[in-house]
Undergrad: 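Here's a structure for you.
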There are 2 protein chains.
Amino acid sequence: MKIGELASKAKCSAETIRYYEKEGLLPAAERSPSNYRSYGDGHLERLRFIRNCRALDMAHDEIRALLALMDAPDAGCGAVNDLVDEHIGHVDRRIRELTDLKQQLSALRQQCPSERALDTCGILRGLASMDAGALGKRHTHLG
Amino acid sequence: MKIGELASKAKCSAETIRYYEKEGLLPAAERSPSNYRSYGDGHLERLRFIRNCRALDMAHDEIRALLALMDAPDAGCGAVNDLVDEHIGHVDRRIRELTDLKQQLSALRQQCPSERALDTCGILRGLASMDAGALGKRHTHLG
DNA sequence: CTTGACCTTGAAGTGGCTTCAAGGTCTTGA
DNA sequence: TCAAGACCTTGAAGCCACTTCAAGGTCAAG
């Protein structure tokens, strides 16, 4: 199967597939006489696995780790469980960050409930006088 | 004041300040005879405003829009309110996306409550067989 | 007069792609 | 038989908001 067919079966673009190959997520395909990449069902399975991980917002490093664990012949899945737990932790932290953020924004928005002149606008005043250090930095790969 | 002093007063790095200048968020500073950037209190105010906006995860485009509104002499703040409301919408959507995501991940995690052999690990099975199309794409600049 | 803190510019790296440019190959139908 | 158009190739650049690096210039203190 050529790259376009694989792409449509995995619902991603051919460029993404080439990118995954370059990144080492997907093993290099064999080549046809005309130098086109040639894929089998194993590639499709692996690509679907990767796309599912990405749909869950896992970073490439996390996916690489999962793939390596999967390829280890005699391992149990304890490390898989740990990796997923850690990723849930990432998502959870980011949700908490954004919830705090929304709180801040809502408070700011209430400073100016109606249209008024710029120099009395509570939002602009708030943005000018806030203490930026109050919020922490982002800790995860989820934005 | 030189760039380092401005940076420490605004709690950001000198590189960030130079970047904001290049991006047109911060007006270009005057230069000393030795070609060092020289800043006044107006720069500090504007920079603090920008950093506060960034602490609230506003994109540069949003901040640029706010600054332009602020500089408009006779405008009211209705557009400011709208912009903030829209940004709150971004944050809200992202929170909902991540909440869905966490749900998916938790369900996945429950597939494999304990250590077991790889080929029966429910997580890996789930990742291999999920339908990636089930989750939507990211719509905002918040990750 | 040297050390070291500060400043300058420009380029490259981050992540996970997408888009573009400039071609080569293959299939189909006139 | 040959031309159009769909598909493939590579490599580079763009996205965002920075950070880091390299290679130097400037300045105050000891």
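To find a chain, count down the sequence lines: A is the first, B the second, and so on, and within it residues start at 1.
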Undergrad: Give the rounded distance in Å between these two atoms: CZ of Arg18(A) and P of dC8(D).
TA: 8 Å
Undergrad: Going by the angle between their ring planes, with limits at 30° and 60°, are Tyr19(A) and His60(A) parallel, tilted or perpendicular?
TA: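 Aromatic pair Tyr19(A)/His60(A) classed tilted.
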Undergrad: Starting at the 5' end of DNA chain C, which residue's closest nucleotide do you reach first, Lys2(B) or Arg64(A)?
TA: Lys2(B)
Undergrad: Of all the nucleotides listed (dC18(D), dC17(C), dT18(C)), which has the minimum atom distance to the side chain of Tyr20(A)?
TA: dC17(C)
Undergrad: Test your reading of the model: is there a side-chain donor-acceptor pair from Gln110(B) to the backbone of Ala107(B), 3.5 Å cut-off?
TA: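 Checked: no pair found.
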Undergrad: Using heavy atoms and a sub-4.0 Å distance, could you list which residues of residues 22-46 of chain B are near DNA chain D? By number, please.
TA: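 Only Ser34(B), Tyr36(B) qualify.
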Undergrad: So does Ser13(B) get a side-chain nitrogen or oxygen closer than 4.0 Å to the phosphate oxygens (OP1/OP2) of dC18(D)?
TA: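 So the side chain of Ser13(B) is outside the cut-off, no N or O lying under 4.0 Å from OP1 or OP2 of dC18(D).
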Undergrad: For residues Tyr20(B) and Arg51(B), is any side-chain donor paired with an opposing acceptor at under 3.5 Å?
TA: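 The answer is yes; a qualifying pair exists.
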Undergrad: To the side chain of Arg51(B), which of dT18(C), dC18(D), dA17(D) is closest?
TA: dC18(D)
Undergrad: Quick check: does any side chain N or O of Arg64(B) sit under 3.5 Å from a backbone N or O of Glu23(B), one acting as donor and the other as acceptor?
TA: yes
Undergrad: Figure out the CD/C1' separation between Glu21(A) and dG16(C), and round it to whole Å.
TA: 16 Å
Undergrad: In whole Å, I'd like the distance from the CD1 atom of Ile17(A) to the P atom of dG16(C).
TA: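 In whole Å, dG16(C) P lies 17 Å from Ile17(A) CD1.
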Undergrad: Report the distance from atom CD of Glu15(B) to atom C1' of dA22(D), rounded to the nearest whole Å.
TA: 13 Å
Undergrad: If I take atom CD1 in residue Ile3(B) and atom P in nucleotide dT26(D), what distance separates them, rounded to the nearest angstrom?
TA: 17 Å
Undergrad: Which value, rounded to the nearest 0.5 Å, describes the distance between Leu142(B) atom CG and Met58(B) atom CE?
TA: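 The CE atom of Met58(B) is 10.5 Å from CG of Leu142(B), to the nearest 0.5 Å.
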Undergrad: Mind calculating the distance between CG (Leu6(A)) and P (dC7(D)) to the nearest angstrom?
TA: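 Interatomic distance, CG of Leu6(A) to P of dC7(D): 15 Å.
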Undergrad: If you check the His60(B) side chain, which of dT19(D), dA17(D), dT10(D) turns out closest?
TA: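 Within the option list, the nearest is dA17(D).
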Undergrad: Looking across every strand, which nucleic acid part, if any, lies under 4.0 Å from Ala59(B) by heavy atom: base, sugar-phosphate, or nothing?
TA: sugar-phosphate
Undergrad: Would you indicate which nucleotide in dT20(D), dT18(C), dA17(D) comes nearest to any side-chain atom of Tyr19(B)?
TA: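 Between dT20(D), dT18(C), dA17(D), the one nearest the side chain of Tyr19(B) would be dA17(D).
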